[in-house]
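Have a look at the structure below before the remarks.
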Protein chains: 4
Amino acid sequence: MQSRATTPRTGRPRSAAADAAILQATRAALVELGWSKLTLGDVATRAGVAKTTLYRRWAGKNELVVDAVAVLFDELELPDRGSLAADIEGVVLQFAALLNRPETATALMAVVAESTRDEPLRERIRTSIVDRQKRLVVEGRARATARGELPPESDPEVAARTADLIFDVVAGAVVHRTLVSAEPADEEWVRAFTQVLLLGLTGTPPTP
Amino acid sequence: MQSRATTPRTGRPRSAAADAAILQATRAALVELGWSKLTLGDVATRAGVAKTTLYRRWAGKNELVVDAVAVLFDELELPDRGSLAADIEGVVLQFAALLNRPETATALMAVVAESTRDEPLRERIRTSIVDRQKRLVVEGRARATARGELPPESDPEVAARTADLIFDVVAGAVVHRTLVSAEPADEEWVRAFTQVLLLGLTGTPPTP
Amino acid sequence: MQSRATTPRTGRPRSAAADAAILQATRAALVELGWSKLTLGDVATRAGVAKTTLYRRWAGKNELVVDAVAVLFDELELPDRGSLAADIEGVVLQFAALLNRPETATALMAVVAESTRDEPLRERIRTSIVDRQKRLVVEGRARATARGELPPESDPEVAARTADLIFDVVAGAVVHRTLVSAEPADEEWVRAFTQVLLLGLTGTPPTP
Amino acid sequence: MQSRATTPRTGRPRSAAADAAILQATRAALVELGWSKLTLGDVATRAGVAKTTLYRRWAGKNELVVDAVAVLFDELELPDRGSLAADIEGVVLQFAALLNRPETATALMAVVAESTRDEPLRERIRTSIVDRQKRLVVEGRARATARGELPPESDPEVAARTADLIFDVVAGAVVHRTLVSAEPADEEWVRAFTQVLLLGLTGTPPTP
DNA sequence: TGTTAACCGAGACGGTACGTCCAGTCTTTCT
DNA sequence: AGAAAGACTGGACGTACCGTCTCGGTTAACA
């Protein structure tokens with residue numbers, strides 16, 4: 001979040017409680033107001049903190065919101081449901097549920113929009129949110145390989161490229177369905193999507 | 001754009017040139033400044049128009065930008081390239097090129113973000129942009145059916161659902177690749193993506 | 001106050017009522033809070049006016065206060081009391097009373113302090129306040145000359161220099177007595193001061 | 001660093017050098033920035049001292065500036081120039097020169113302005129600056145009496161009142177001339193002023 | 001062919017939020 | 001216990017836009 005390299009040894013240390021309170025207040029404000037009506041002054045007030053304290057730690061609204069929202073994405077898990085199809089369905093449903101929370105979808109899209117003009121912000125999004133979730137793809141793939149559902153991939157570069165592709169397809173489809181088409185990513189849709197995806201990856205339809 | 005039902009029978013009619021100038025100026029401002037730094041006062045100045053004139057025609061920044069950007073999406077075409085795989089690759093590349101234009105990506109994401117809190121805006125996006133592009137899916141499907149690449153679908157509801165799914169997968173994947181992963185949707189990626197998609201839809205890999 | 005030369009012919013004209021309300025509110029705030037605790041935001045609120053309106057008309061606190069206070073100095077008069085001594089005593093007492101009003105003394109000194117670093121402000125003070133009051137000296141002198149109490153002065157430059165000197169002595173003494181020495185400029189003090197001044201100017205003590 | 005022999009047995013003693021450095025830095029900042037742009041943080045930095053140290057010794061900006069400026073006024077002297085007129089001219093010129101120094105005029109006026117709302121500050125100004133300079137009047141008067149230029153005054157209360165009046169007239173006139181009228185108190189003006197003052201006090205014009 | 005109503009430009013209006021700066025206090029470590 | 005460093009709360013600053021509201025001045029359809 002902040003640089004740990006520069007170790008200021010003197011002076012009053014920054015309040016760790018303030019950080020937590022600010023991120024908490026940011027999420028609360030996102031829920032109530034949405035991205036565009038969220039103001040840093042209001043966040044500061046909610047957190048019981050002066051505006052300057054907030055600006056000392058984050059460069060602006062975008063950076064703050066990325067940090068506030070990032071932690072929510074770490075909740076995603078990949079419980080072993082016995083088959084690749086079931087695993088995919090499970091994680092996609094979790095992801096859809098996450099995007100339906102009022103603080104995530106609007107914030108994520110807005111920040112992504114800003115990031116098209118702001119390279120450091122894009123980098124922050126990538127490291128704080130995106131790359132962290134690729135673990136789900138890698139893990140699911142490993143599990144399916146162990147089960148014999150997928151052939152092992154020896155070339156690591158091909159494996160990485162495939163993982164990226166899967167990630168973009170899965171995350172993109174869910175986001176688009178939820179936000180742009182504005183239709184629910186419910187169980188029925190998830191099942192249909194999983195079937196297409198699995199068939200596309202393995203050439204064989206999932207066995208129910 | 002505006003209601004034509006109420007027919008003002010007297011008085012000076014609105015300048016048609018102003019509309020075009022404003023939309024043009026909006027796109028120019030988007031290119032230069034991006035969504036978040038675009039101001040309506042600036043757009044008005046660029047268009048050589050009073051702010052009042054602008055507000056008389058659009059409710060706000062979001063609505064204006066949707067209209068300004070919508071027309072760009074109508075440029076997408078589906079030239080007959082002889083096979084379903086080639087058709088898909090062609091349109092996906094067009095879409096990727098469109099998202100790489102500086103005025104589209106940032107504007108689209110920002111407006112989508114706003115729309116999560118603004119039902120009329122969501123509706124406007126859907127009618128002005130999203131639904132208009134589903135024609136590409138429907139047309140491509142019909143062409144592939146005629147070629148015998150896809151079996152005919154008798155149930156119109158199933159057809160619609162499948163079209164929606166394809167649309168979300170295609171559009172979502174390209175958007176996510178371009179904006180979130182921030183990697184180019186180049187020919188190599190498009191070929192890999194098309195292969196997965198086609199296999200997922202037909203159970204058979206595309207024949208080169 | 002503002003330039004009358006540039007006559008903007010288009011656009012909504014500035015509200016004349018706003019000007020009056022702002023100056024009125026400024027004086028009220030000076031009475032309650034004094035110079036240093038007066039804030040432009042508070043003045044705007046009191047005047048029922050937006051902060052921007054205030055900044056559109058005045059460059060800052062200093063300029064506003066000069067304008068707000070200047071009008072008070074125009075209340076000074078020189079009633080004919082029959083003799084030069086009585087006239088001087090009368091106007092000095094008025095001046096002392098004016099400086100005892102809570103909105104004047106603190107504001108005037110603060111603005112003068114600022115003006116030592118701000119030439120345009122100094123000019124504004126001079127034209128809005130100082131020079132306007134020299135009329136009292138000139139008028140009193142003319143009246144005394146007509147009465148035969150003072151010899152006529154033919155050289156206008158000498159007359160001007162003498163008027164300036166008298167003005168500095170009178171205004172300076174009263175201000176210093178009131179603000180720096182912080183003693184009241186009461187009738188007794190004024191009488192003693194007038195006696196010294198008159199003797200200094202004419203060589204003859206005032207006749208009671 | 002070694003403690004000196006006189007070091008108290010407990011606690012670190014206050015640095016005497018810090019006091020001098022702070023006052024020095026205050027004067028330097030006044031010269032560069034003027035009263036209104038002088039900040040205590042900046043003074044502390046210039047003095048190589050922590051803000052805490054500064055606040056431990058002075059209550060605020062006003063008190064600090066009074067102390068920083070007071071010492072300059074002690075430079076005023078009353079060298080014996082042989083006649084009352086010459087003595088007055090000498091001290092008035094000194095005073096005018098002092099007020100022309102950039103750190104004095106602005107600071108003095110600002111502090112006086114504040115003092116109209118701050119009784120302790122007024123008291124501090126009086127004891128630190130004003131009353132200390134009345135010695136000049138008293139001394140000059142005694143010298144003139146010894147020379148026979150002024151009659152001896154037996155009643156001490158009358159003497160005090162007269163001294164106060166002279167002080168207000170002299171200081172006030174010079175200050176007003178310099179700061180408000182913003183004209184130089186040069187030799188010509190001082191001579192004219194002295195002539196009026198002396199005639200006012202003695203009934204006889206000064207003998208050149 | 002003149003009315004006339006809706007349009008147009010310009011720009012001031014009341015607001016809201018911004019991001020910065022400074023005052024004055026507090027907390028930490030070092031001397 | 002005092003000092004340096006620097007984070008803290010709180011509040012005003014002056015700016016930028018927002019979306020609305022007068023103004024004076026067109027302009028095209030109707031009478």
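Naming convention: chains lettered A, B, ... in sequence-line order (proteins, then strands); numbering from 1 in each chain.
- Between the C1' atom of E/dC22 and the CG atom of D/L38 lies a distance of 12 Å, rounded to the nearest Å.
- Using a 4.0 Å heavy-atom criterion, one finds that A/G60 contacts no nucleic acid atom at all.
- For B/T39, no side-chain nitrogen or oxygen approaches OP1 or OP2 of F/dC17 to under 4.0 Å.
- Between the P atom of E/dA12 and the CH2 atom of C/W58 lies a distance of 14 Å, rounded to the nearest Å.
- Between B/T53 and D/L40, the residue anchored closer to the 5' end of DNA chain E is B/T53, taking for each the nucleotide with the nearest heavy atom.
- As a whole-Å value, the separation of C/D42 CG from F/dC13 C1' is 14 Å.
- Taking 4.0 Å as the cut-off between side-chain N and carboxylate O, D/D118 and D/R122 do not count as a salt-bridged pair.
- Between the C1' atom of E/dG14 and the CZ atom of C/R46 lies a distance of 19 Å, rounded to the nearest Å.
- We find that CD of A/E63 is positioned 14 Å from P of E/dC18, with the value rounded to whole Å.
- Comparing C/K51 and A/S15 against DNA chain F, the residue whose closest nucleotide sits nearer the 5' end is A/S15.
- With DNA chain E read from its 5' end, the first of the two nearest nucleotides for B/P13 and A/K61 is the one closest to B/P13.
- When the P atom of E/dG24 is taken as reference, atom NZ of C/K37 falls 10 Å away, rounded to whole Å.
- Taking only side-chain nitrogens and oxygens, B/R12 never comes nearer than 4.0 Å to OP1 or OP2 of F/dA29.
- Base contact: C/T52 has a heavy atom under 4.0 Å from a base atom.
- Regarding B/L54, its CG atom lies at a distance of 12 Å from the P atom of F/dT20, rounded to whole Å.
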Working for side chain to side chain contact (heavy atoms under 4.5 Å, CB included), residues C/L108 and C/L179: CA-CA 11 Å; C/L108 195 61; C/L179 299 186; over 6 Å; no
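- Of the candidate nucleotides E/dC18, F/dC13, F/dA4, F/dC13 has the atom nearest to the side chain of C/Y55.
- A close approach under 4.0 Å does not occur between any side-chain nitrogen or oxygen of B/R14 and OP1 or OP2 of F/dA29.
- Under a 3.5 Å cut-off, the side chain of D/K37 and the backbone N or O of D/E32 do not form any donor-acceptor pair.
- Between the D/T127 side chain and the D/R124 main chain, a donor and an acceptor come within less than 3.5 Å of each other.
- Between atom CG of residue A/D67 and atom OG1 of residue A/T26 there is a gap of 9.0 Å, rounded to the nearest 0.5 Å.
- Distances shorter than 4.0 Å separate none of the side-chain N or O atoms of C/R56 from OP1 or OP2 on F/dG14.
- Note: CG (C/L33) to P (F/dG11) measures 14 Å, nearest angstrom.
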